[in-house]
Amino acid sequence: MRGLRFSSSLARIAALAALAAGTLLATPLRAHDFWIEPSTYRPAPGQRLVLRARVGAGFLGDPVPRDEELLVRFVVVGSEGEQPVPGVQGVDPAGIMQARGVGTMVVGYQSRGSVAELTPEKMALYVDQEGLAGQLPSGWQRKPVVRDRFSRSVKSLLLVGGDGGSGARAGYDRLLGLPLELVPLSDPAALAGGGALPVRLLWDGRPAAGIQVTALSRLDPAHPLTARTGADGRVVLPLPRGGEWLLKAVRILPAGGPGADFESVWASLTFTTSEER
């Protein structure tokens with residue numbers, strides 16, 4: 001039986017590797033995706049869990065060890081207030097926490113900027129995939145190298161103590177004050193089989209209009225959903241199924257200082273809409 005389990009695990013790893021390779025070849029710049037992956041989205045009160053930072057494509061990602069030099073803020077906010085997320089420098093998982101109280105806890109992760117150098121061709125693919133053409137000035141394609149200082153504004157929703165009623169799930173729309181922040185306007189935990197999820201995107205606390213928001217399902221990452229925010233920063237995403245989801249959006253501006261041409265902020269939000277099995 002042990003040999004069978006080992007063979008099954010190897011087969012699963014091989015399948016995941018093949019899927020990851022195919023996804024990366026098809027969409028090379030979605031490797032920019034960054035998200036928080038908790039060991040469970042449904043911890044019991046008092047349960048210890050780990051928070052893994054991931055970077056990759058199609059909801060398959062490589063571990064990102066904790067880097068204190070890049071961290072601006074790594075917290076979890078719930079019914080008992082805000083707590084820092086501890087961790088060990090240079091180690092995966094990036095953080096360890098204990099579920100406190102009941103209801104929805106929001107994990108928040110904010111990083112400082114890092115500079116990436118891209119050819120105009122790669123930048124063009126990145127612009128197309130993330131729907132950024134309307135955010136960029138004309139003429140950027142003439143640069144021999146494009147330098148983008150990118151940073152992360154990342155959230156994850158945890159539901160402590162089971163589904164319960166709507167009152168027990170309060171806190172899903174809690175604001176953390178991240179530079180670019182995705183905020184659900186209805187409770188994702190209530191969409192066990194999928195359904196319409198309204199979301200607002202905020203830039204420095206104000207509605208961010210005209211920004212593409214993308215939703216990826218863990219069960220079907222090859223078919224993302226996209227919508228563009230209105231004047232109120234709002235989109236409605238018709239999630240076709242329950243399970244684990246990754247939402248993401250990017251804001252890019254001309255750089256305000258030397259060393260980069262642009263400054264981009266990448267927001268993401270992970271959650272699950274149904275009980276884990």
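All values below come from the heavy atoms of this structure, side chains included, with hydrogens, waters and symmetry mates left out.
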Validation row: V107, V75 side chains within 4.5 angstrom (heavy atoms) =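 No, side chains not in contact.
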Mind checking whether I211 and V250 have side chains closer than 4.5 Å, heavy atoms only?
-> no
Verify, without hydrogens or angle tests, whether [X] (side chain) and [Y] (backbone) share a donor-acceptor contact under 3.5 angstrom.
X    : Y    : result
Q83  : V76  : no
T273 : G243 : yes
Q212 : Q129 : yes
R73  : L178 : no
R251 : W203 : no
R228 : G210 : yes
K155 : L182 : yes

Please output the side-chain donor-acceptor pairs of residues 191-198 that fall under 3.5 Å, not counting sequence neighbours, one pair per line with the distance.
none

For the ring-ring contact (aromatic ring centres under 6.0 Å, His included) test, which of W266, F262, W140 pairs with Y126?
->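 That would be W266.
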Listed once per pair and sorted, the ring-ring contact (aromatic ring centres under 6.0 Å, His included) pairs that draw on residues 52-103, sequence neighbours left out =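 For residues 52-103: W35-F59, F74-Y109.
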Pairing residues for R66 by the salt bridge (charged side-chain N to carboxylate O under 4.0 Å, His left out) criterion, not counting sequence neighbours |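 Salt bridge (charged side-chain N to carboxylate O under 4.0 Å, His left out) check on R66 returns E68.
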Qualifying residues under salt bridge (charged side-chain N to carboxylate O under 4.0 Å, His left out), relative to R147, sequence neighbours excluded = E117
Closest non-hydrogen atoms of R218 and P221, given as atom of the first, atom of the second and distance, are O-CD, 3.5 Å
In terms of side-chain heavy atoms, does S151 have a donor or acceptor partner in S111 at a distance below 3.5 Å?
->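 Distance-only check fails for S151 and S111.
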Apart from L202 itself, which Ile, Leu, Val, Met, Phe, Trp or Tyr residues share its cluster (side-chain heavy atoms under 4.5 Å, direct or through members)?
-> L175, V183
Under 4.5 Å between side-chain heavy atoms, chaining through other members, with only Ile, Leu, Val, Met, Phe, Trp and Tyr counted: pull out the rest of the cluster around V50, sorted by chain and number.
->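 Members besides V50, by chain and number: I96.
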Partner of L246 under side chain to side chain contact (heavy atoms under 4.5 Å, CB included), chosen from L269, T270, T214 = T270
